[in-house]
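Convention: sequence-line order gives letters A, B, ...; per-chain numbering from 1.
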There are 2 protein chains.
Amino acid sequence: MSDELPPWEKAREEFVAQWGSLGTQWGINRTMAMIHALLMTAPEPMCTDEVMEKLQISRGNAHTNLKDLVGWNLVRIITKKGDRKEYFEAEKDVWKIFITISKERKRREIEPAIRLLRDCAAQTKDETIGPGRDFHQQMKDLDEFLSFGVKVGDTVISMKHASALQWAMRLLS
Amino acid sequence: MSDELPPWEKAREEFVAQWGSLGTQWGINRTMAMIHALLMTAPEPMCTDEVMEKLQISRGNAHTNLKDLVGWNLVRIITKKGDRKEYFEAEKDVWKIFITISKERKRREIEPAIRLLRDCAAQTKDETIGPGRDFHQQMKDLDEFLSFGVKVGDTVISMKHASALQWAMRLLS
DNA sequence: TCACGTTTTCACTAGAAACTGAAAATACCG
DNA sequence: CGGTATTTTCAGTTTCTAGTGAAAACGTGA
């Protein structure tokens, strides 16, 4: 029924399936992770129907997850002239993927946490003794740590891959 | 019915609740995140019943999540002499929390990914042209990036807080 | 404007994950 | 031992998330 797969496609299918499982552990949904894996290893941009076909998923599912990936800036939409379908292409450069994910996670996960910590610290700034003071201090410690992490992160993601590499090498030596 | 809460407990309750929501975005379950928040801000170790009471959750739920937190090395069990209940105490030092979480995530999330990438690369090591070669290269790139990241991470988490801070400051300046 | 190819939405369903409460197991004490 | 305090397990239930498929909306070219 189906043609024989080239050998590398075999490995690719394993990669896609397993990356999907790994994704769930990261709190990313399986389909999104699989689509991302599929596109990262696609020789050419793919359209919705191709993705549906390869992963055996519904149009709605394919559509939503493709658009979510676009929202994460991990995938971009390509249009071909004389064809009104949308094609999707993933960023393949590892360093760029890393930067993109870091930025998004900072925005979605770290910054809200920092806001919460500052809010809680502010509410208890007058506590000067006992458990109230300890709580205040704990909020400040967490805030300081995360904020500092963000600063370091910002510096790293503003670097070119080569500079970051060089800097990291220095740490290791 | 209930006594007035000290003002700092008000902030604490907000912290616990919100940390729970944030946790879900991280892919951590709400209850676990809330218990962790509760214990991180607890003046004294707490027993299961206190946790149940504070968070209004069942014994089973409290129990499983407390034990999971112990499994993550974020919480330890304390026993008091003359009392056969178990009490739970969270690590409060931010740097130690960071190291603990980093180690666990490396083990649970990064290392399996690296194994997958190596496997897929190995399967395609003979591909020398076209899409097969590109796939192989992509696997190697991802592997190399993650492995390098692990190396850097290992170096950082082996540092004392002060040294890490000093090192990071140098980066920022 | 209509017809057609395509994208988007959404009510519904399936499946997974979290939670409950109570029974069973365990540990300790006299 | 027997009694009691505590922990652990787990079948059943609820809640949430992901996924489906078809209808609606959109957009373009004739």
B/Gln56 side chain vs B/Glu53 backbone, donor-acceptor pair below 3.5 Å: yes
Whether B/Trp95 and B/His161 hold their rings parallel, tilted or perpendicular, with breakpoints at 30° and 60°: parallel
B/Cys47 backbone acceptor or donor facing B/Glu50 side chain under 3.5 Å: yes
Neighbours of DNA chain D within residues 70-85 of chain A, by heavy-atom distance under 4.0 Å: A/Arg84
A/Glu50 CD - C/dT6 C1' separation (whole Å): 14 Å
Plane angle bin for A/Phe135 and B/Trp8 - parallel if under 30°, tilted between 30 and 60°, otherwise perpendicular: tilted
Short side-chain to backbone donor-acceptor contact, A/Arg105 and A/Ile110, under 3.5 Å: no
B/Met52 CE to D/dT6 C1', straight-line distance once rounded to whole Å: 12 Å
Whole angstrom value for the distance that separates P of D/dC26 from CD of A/Glu86: 15 Å
A/Gln25 CD - C/dA16 P separation (whole Å): 15 Å
Overall bend - the helix from C/dT1-D/dA30 to C/dG30-D/dC1, comparing terminal axes fitted on five pairs, nearest 10 degrees: 10°
Salt-bridge present (A/Glu89, A/Arg76; N to O < 4.0 Å): yes
OP1 or OP2 of D/dT7 under 4.0 Å from side-chain N/O of B/His63: no
Separation of atom CG in B/Leu66 from atom P in D/dT6, rounded to whole Å: 15 Å
Euclidean distance, A/Ile101 CD1 relative to A/Ile157 CD1, rounded to 0.5 Å: 12.0 Å
A/Tyr87 OH to C/dT6 P, straight-line distance once rounded to whole Å: 8 Å
B/Ser147 side-chain N/O to B/Glu144 backbone N/O, donor-acceptor pair under 3.5 Å: no
SB check B/Lys92 A/Asp141 (cutoff 4.0 Å): no
Between the protein and nucleotides 15-25 of chain D, list every N/O to N/O distance that falls short of 3.5 Å.
unit_1, atom_1, unit_2, atom_2, d
D/dG19, OP1, A/Thr31, OG1, 2.5
D/dG19, OP2, A/Thr31, OG1, 2.8
D/dG19, OP2, A/Asn61, OD1, 3.4
D/dT20, OP2, A/Ser58, N, 2.8
D/dT20, OP2, A/Ser58, OG, 3.0
D/dT20, OP2, A/Asn61, ND2, 3.1

B/Trp26-B/Trp19 aromatic ring centre distance below 6.0 Å: no
Minimum heavy-atom distance B/Ile97-B/Glu91, with the two atoms named: CD1-O, 3.3 Å
